[in-house]
Amino acid sequence: MSQKDIAGLKVDKDRLMKDIHTTCEWGKGERWGDAETETGMSRLSLSDTDKQARDWFHETTTALGCKVHVDAMGNQFAVRPGLNNDAPPTYAGSHLDTQPTGGRYDGILGVTAAVEMLRVLNDNWVETSYPTAVVNWTNEEGARFPKSMTASGVWSGDIPLEDAHNLKSVIPANDTATMRSELERIGYLGDVPCSWEASPMAAHFELHIEQGPILEAENRRIGVVQGVQSYKWFTVTVRGRDSHTGATSFQHRADALLTASKMILASHKIASKHGALASTGILNLKPGSTNTVPGFVQFSLDIRAPQDDTVNTTEAACKSAFSALAAGEDVLNIQAGCTPSSRQCTVDWHTDFVSPATHFHDDCIASVQAAAQDLCGSGEVSGRDIGSWGKLMTSGAGHDSVYANKRCPASMIFVPCRDGVSHNPSEYSSPEQCADGANVLLGAVVRYDKLRGERGWESGP
């Protein structure tokens with residue numbers, strides 16, 4: 001195809017939105033508006049509603065002429081033949097699982113836009129040089145099984161299959177299910193090994209809502225994603241001593257909750273100082289009685305920054321501060337206004353997850369940028385701005401493209417979301433914004449396929 005022919009390919013906006021809202025019938029969450037589609041999503045990985053979405057993916061892509069297979073982590077791969085089918089496909093995709101109080105666009109847009117890509121290729125009788133394909137990754141969110149991007153991590157060889165299969169469900173509480181048992185229960189424990197060797201990719205492109213406010217605030221249509229920032233997840237355990245709230249003075253308490261609260265505040269101050277982000281999303285305490293000072297608290301800590309060194313420096317500073325706070329020492333003036341206690345707490349850290357900073361492949365980034373220019377018009381790059389319509393970006397959130405990038409060239413496309421809100425029922429991107437992203441995804445994949453053909457890349461550069 002000529003560059004002009006590629007630029008002329010366009011998605012069907014109404015068809016794309018129909019697919020988004022059809023798949024969102026399975027796993028509806030909290031209502032946030034009056035319109036029929038103004039509900040969030042609660043489609044946890046490997047749930048009954050996730051099975052329904054997976055069944056839709058299989059049936060739809062099969063009907064479009066794809067050969068579909070499922071691997072040992074439940075990842076679904078739908079491959080459309082090309083002229084040379086001895087070479088790995090160029091992939092587009094994302095995930096269909098959601099947060100427990102999520103929205104309709106995180107992950108879902110990436111999969112449905114990739115399926116729309118297949119429809120457009122079929123409608124226009126496009127024969128690609130190499131196969132094109134769509135992937136639906138399992139448990140990207142890490143909400144039900146607490147390790148994000150689990151299945152793409154197994155595929156890349158970074159997460160052992162046994163470790164992933166043995167992850168236990170944390171929603172609902174006291175659930176005894178594991179990833180393997182749920183894969184078996186819903187019929188998606190595939191017989192293909194979960195590996196980049198068994199399901200090779202020549203490249204991986206992912207469309208996603210930005211999940212932040214920059215594109216909307218700057219009135220830009222497309223984010224060309226160059227990489228993903230570094231992050232680490234920790235579980236921090238604080239132990240004090242249970243005691244009676246009425247009979248134990250402040251001076252004699254080993255209050256694990258008060259100490260943990262000071263640690264969380266310290267993490268915010270330390271992260272701000274180093275240009276990082278620190279967040280706590282889970283907090284559990286014992287014994288959980290109104291008239292008992294808690295003697296046990298466990299909380300999550302998520303540290304993120306564009307550079308690995310910044311995350312490591314922030315982690316080290318937090319560990320030092322937390323130890324001092326547990327010992328009753330003042331750090332960053334956090335103890336101001338609190339009555340000193342003669343009792344001390346202890347603190348322990350466990351590293352749950354490490355995702356180093358990711359830098360995407362130049363050829364994939366160039367394909368995305370060229371496709372965006374086809375859609376939006378030419379524009380010179382000035383700093384991180386592309387004309388008046390686009391921006392070169394680093395993703396603040398982790399995505400399956402992080403692991404895909406370890407085994408093949410990859411890049412991502414961002415579109416704005418209202419108020420920068422995500423992981424929330426009211427998460428929203430307009431039909432026009434969704435179609436913009438889907439058109440860039442389509443153009444990037446076809447452009448990359450053409451580049452492979454011109455350079456003779458059967459398995460990528």
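Heavy atoms only: backbone and side chains are in, while hydrogens, waters and symmetry mates are out.
Between the side chains of Tyr188 and Asp55, a donor-acceptor pair is found at a separation under 3.5 Å. Ser355 and Arg304 form no side-chain donor-acceptor contact under 3.5 Å, judged by distance and modelled atom types alone. Side-chain contact of Gln76 with His69: a donor-acceptor pair under 3.5 Å is absent, judged by distance alone. Side chains of Thr39 and Arg104: a donor on one and an acceptor on the other come within 3.5 Å. With no hydrogens or angles considered, a side-chain donor-acceptor pair links His208 and Asp106 at under 3.5 Å. Residues Ser45 and Asp97 bring no donor and acceptor atom of their side chains to less than 3.5 Å of each other. With no hydrogens or angles considered, a side-chain donor-acceptor pair links Ser94 and Glu206 at under 3.5 Å. Side-chain contact of His204 with Ser401: a donor-acceptor pair under 3.5 Å is present, judged by distance alone. Side-chain contact annotation: Thr37 with Tyr428, donor-acceptor N/O pair under 3.5 Å absent. Using modelled atom types, one finds a donor on one side chain and an acceptor on the other under 3.5 Å when comparing Asn312 with Lys232. Residues Ser230 and Asp308 bring a donor and an acceptor atom of their side chains to less than 3.5 Å of each other. Donor-acceptor pairing under 3.5 Å is recorded for the side chains of Asp352 and His350. No side-chain N or O of Thr112 forms a donor-acceptor pair with one of Asp19 less than 3.5 Å apart.
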Would Arg144 and Glu182 count as a salt bridge (Lys or Arg N to Asp or Glu O under 4.0 Å) if you check the C-alpha gap in whole Å, the side-chain angles of each, and the deciding distance to 0.1 Å? CA-CA 11 Å; Arg144 184 182 182 196; Glu182 288 295 86; 2.9 Å; yes
With side-chain contact (heavy atoms from CB on, under 4.5 Å) as the test, would you mind laying out the steps for Cys66 and Arg80 before giving the verdict? CA-CA 5 Å; Cys66 294; Arg80 180 183 188 267; 4.0 Å; yes
Test side-chain contact (heavy atoms from CB on, under 4.5 Å) applied to Val415 and Glu210, step by step: CA-CA 6 Å; Val415 292; Glu210 182 195 348; over 6 Å; no
What's the verdict on side-chain contact (heavy atoms from CB on, under 4.5 Å) for Thr60 and Arg119, showing C-alpha distance, side-chain angles and the deciding distance? CA-CA 10 Å; Thr60 301; Arg119 296 189 197 274; 3.5 Å; yes
One pair to check against salt bridge (Lys or Arg N to Asp or Glu O under 4.0 Å): Lys13 and Glu432. What are the steps and the verdict? CA-CA 7 Å; Lys13 179 181 68 177; Glu432 292 73 23; 3.3 Å; yes
Asp12 vs Val120, side-chain contact (heavy atoms from CB on, under 4.5 Å): CA-CA, chis, key distance, verdict: CA-CA 8 Å; Asp12 183 324; Val120 175; 6.0 Å; no
Go through it in stages, so that I can follow the logic: the residues are Phe205 and Tyr91, the test is ring-ring contact (aromatic ring centres under 6.0 Å, His included), and I'd like the CA-CA distance, side-chain angles, deciding distance and then a yes or no. CA-CA 6 Å; Phe205 291 88; Tyr91 272 87; over 10 Å; no
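The residues Arg15 and Glu116 are annotated as salt-bridged, a charged nitrogen and a carboxylate oxygen being separated by less than 4.0 angstrom. Looking at Arg452 and Asp363, no side-chain N of the basic residue comes within less than 4.0 Å of a carboxylate O on the acidic one, giving no salt bridge. Checked for salt-bridge contact, Asp123 and Lys10 miss the test: no charged N lies under 4.0 Å from a carboxylate O. Taking a cutoff of 4.0 Å between a charged side-chain nitrogen and a carboxylate oxygen, Arg54 and Asp50 qualify as a salt bridge.
Below 30°, between 30° and 60°, or above 60°: for His21 and Tyr105 the angle between ring planes is above 60°, a perpendicular geometry.
Aromatic pair Trp137/Tyr403: ring centres not closer than 6.0 Å.
Environment of CG in Leu83: crowded, with over 12 heavy atoms of neighbouring residues, nucleotides or ligands closer than 6.0 Å. Counting non-hydrogen atoms of neighbouring residues, nucleotides and ligands closer than 6.0 angstrom, the CG atom of Asn84 exceeds 12 such neighbours. Few gaps surround CD on Glu454; more than 12 heavy atoms of other groups in view lie less than 6.0 Å from it.
Counting only distance, with no hydrogens or angles, the side chain of Asn139 and the backbone of Phe145 share a donor-acceptor pair below 3.5 Å. Looking only at distances, no side-chain donor or acceptor of Glu216 sits under 3.5 Å from a matching main-chain atom of Pro213.
Once rounded to the nearest 0.5 Å, the distance linking CG of Leu167 with CG of Leu46 reads 10.5 Å. Residue Ile413 holds its CD1 atom at 12.0 Å from CD of Gln369, rounded to the nearest 0.5 Å.
For Trp32, there are no ring pair (Phe, Tyr, Trp, His ring centres under 6.0 Å) partners two or more places apart in sequence or in a different chain.
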